[in-house]
Amino acid sequence: MRNKYRIPTLLLLILVIGCQFFIALVVNEKGFENYLLSVPKPYTAAALHVDKVEQINEDHFLLTYEVNKEETVTSINANHSVVLKGTNYTYPIVMGYRFMNGSFFTQSMQKQKSKNVVLNELAAFELFGNENIVKNKISWHGESFTIVGVIRDGDQENKNIYIPLEFLSESPTTILTPIDDKKGITEAYIKNELKEAGVMDSSHDFINVGEARRMTQELAIIAILLFFNAVLLLLVKSGMTSLMNSWKAMKDLLAQYYFTEILQKKPTTIYSLIGRFIYTAFCTSLIVYIAVTIFKICIDWNIDVNLFLELQFDSFMNKIQFMKYALLSSLLAFSTSVVVLILWFLSVCKNKTPRPNA
């Protein structure tokens, strides 16, 4: 009966850790680079100075914003409910989206307020039935807009139409900026420059999305390191028992012989004692090394997890929402793996507890 939980808990532990590595792999495949997300604090009126934002975008570093608005547009004499996404020309560059056809509206189109739009693949197929729709028209509020591209944004639920922000009556509140330390575009540099557009610590929270990605991946690494440490603890426990037995045998021999006599007559006892001491010391050193490694990983995290998971806004949600779910899933899987690891460790320890001699 004492062994009945050992194998199931071990299999469950392997499964949960495997799920963590799968989540980390998916996040890596999605290509989440280092982004700095600037989000208005709750109950704060934090509309941005768009002209100043665009000036920063041109002079210092790439950034983008997004305003979502549910509207009805007309195509091929049929009305469709869509999500208009007011943004700027650097949007696909910052987001890393690819095109199925055509391109995004350009900087000159944006400045000249040209009536050009870009559809995501779902909108293209729902409104026109295919992706080859460049130069086709849609109508919104009685005005005609020309389609210049079809973008693959990964949104399978919303028919998104990207339009220059100037055509919407709302101002953005959230900014997404790529971080590139090698080019000097650090988090501190971005924060300092954004002050010119009214984005400050008093009005906005800043979240490094790349840190969330790194945390998701490193939680999986920590889980496997904890498993290794648990195994090493079992080895140390077994090694200590063997070491104490060897030491007891050595003490018994010392009570009968001088050390030099033991070295001549029964050297294997001495070698066994030394070997088991080295083995136990080595395993203990590995445990300490892994524990220090885990500690260093944890203290290097630079993200407010609660703030990130509690974000409530509708900009960039196709990308940020996935990262939120990935981090939350990874945290839940990690917590589960710790609990299962403890149960497995206790079951093995119980099984290895020697019965008292009769």
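A donor-acceptor pair under 3.5 Å is absent between the side-chain atoms of Glu166 and the main chain of Lys113, judged by distance alone. Thr186 contributes a side-chain N or O that, together with a main-chain N or O of Tyr189, makes up a donor-acceptor pair within less than 3.5 Å. The backbone N or O of Val199 lies less than 3.5 Å from no partner atom in the side chain of Ser203, so there is not a single donor-acceptor pair. Thr87 contributes a side-chain N or O that, together with a main-chain N or O of Tyr65, makes up a donor-acceptor pair within less than 3.5 Å. Tyr35 places a side-chain N or O within 3.5 Å of a backbone atom of Val94 that can act as its donor or acceptor partner. Of the possible polar contacts, none joining the Asn101 side chain to the Val150 backbone as a donor-acceptor pair under 3.5 Å is found.
Ile222 is listed as a side-chain neighbour of Cys298, based on a closest heavy-atom distance under 4.5 Å. At a threshold of 4.5 Å between non-hydrogen side-chain atoms, the residues Val53 and Leu63 count as touching. With a 4.5 Å cut-off on side-chain heavy atoms, Met109 and Tyr89 do not count as touching. Side-chain contact between Phe128 and Asn136: present, with at least one pair of heavy atoms (C-beta onward) separated by less than 4.5 Å. Contact of the Gln264 side chain with the Phe259 side chain is not registered, since no non-hydrogen atoms from C-beta on lie closer than 4.5 Å. For the pair His141/Glu71, a side-chain contact is recorded, criterion being any heavy-atom separation below 4.5 Å from C-beta on. Side-chain contact between Gln55 and Asp51 is absent, with no heavy-atom pair separated by less than 4.5 Å. Residues Lys191 and Leu36 are in side-chain contact: their nearest non-hydrogen atoms beyond the backbone lie under 4.5 Å apart.
Within the 6.0 Å centre-distance limit, the rings of Tyr91 and Tyr162 are counted as a close aromatic pair. Aromatic ring centres of Trp140 and Phe167: separated by at least 6.0 Å.
Annotation: Glu157, atom CD; neighbour count of heavy atoms from other residues, nucleotides and ligands within 6.0 Å does not exceed 12.
Applying the side chain to side chain donor-acceptor pair (under 3.5 Å) rule to pairs touching residues 214-235 yields Glu211-Arg214, Arg214-Glu218, Arg214-Asp300, Glu218-Trp301, sequence neighbours excluded.
For the residue pair Ser139 and Ser144, no side-chain donor N or O sits within less than 3.5 Å of a side-chain acceptor on the partner. With no hydrogens or angles considered, a side-chain donor-acceptor pair links Asn68 and Glu66 at under 3.5 Å. If you check the side chains of Asp155 and Asn120, you find no donor sitting under 3.5 Å from an acceptor.
Considering OG of Ser337 and CD1 of Ile342, their distance stands at 9.5 Å, rounded to 0.5 Å. To the nearest 0.5 Å, atom CG of residue Leu309 and atom CD1 of residue Ile303 are 8.0 Å apart. Taking CE from Met215 and OG from Ser330, the interatomic distance works out to 8.0 Å, rounded to the nearest 0.5 Å. In this structure, CG in Leu327 is found 7.0 Å from CG in Leu219, a value given to the nearest 0.5 Å. In this structure, Lys137 NZ and Phe145 CZ are separated by 10.5 Å, a value rounded to the nearest 0.5 Å.
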Check against side-chain contact (heavy atoms from CB on, under 4.5 Å), Ile190 and Ile179: CA-CA 8 Å; Ile190 293 171; Ile179 297 174; 3.9 Å; yes
Checking side chain to side chain donor-acceptor pair (under 3.5 Å) for the pair Asn160/Asp153: CA distance, chi angles, key distance, verdict? CA-CA 9 Å; Asn160 299 327; Asp153 63 5; 2.9 Å; yes
Thr293 vs Tyr289, test: side-chain contact (heavy atoms from CB on, under 4.5 Å). Steps then yes/no. CA-CA 6 Å; Thr293 300; Tyr289 175 78; 3.8 Å; yes
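Between Phe227 and Trp344, the ring planes lie tilted relative to each other; the angle falls in the 30° to 60° range.
For Glu261, there are no salt bridge (charged side-chain N to carboxylate O under 4.0 Å, His left out) partners, not counting sequence neighbours.
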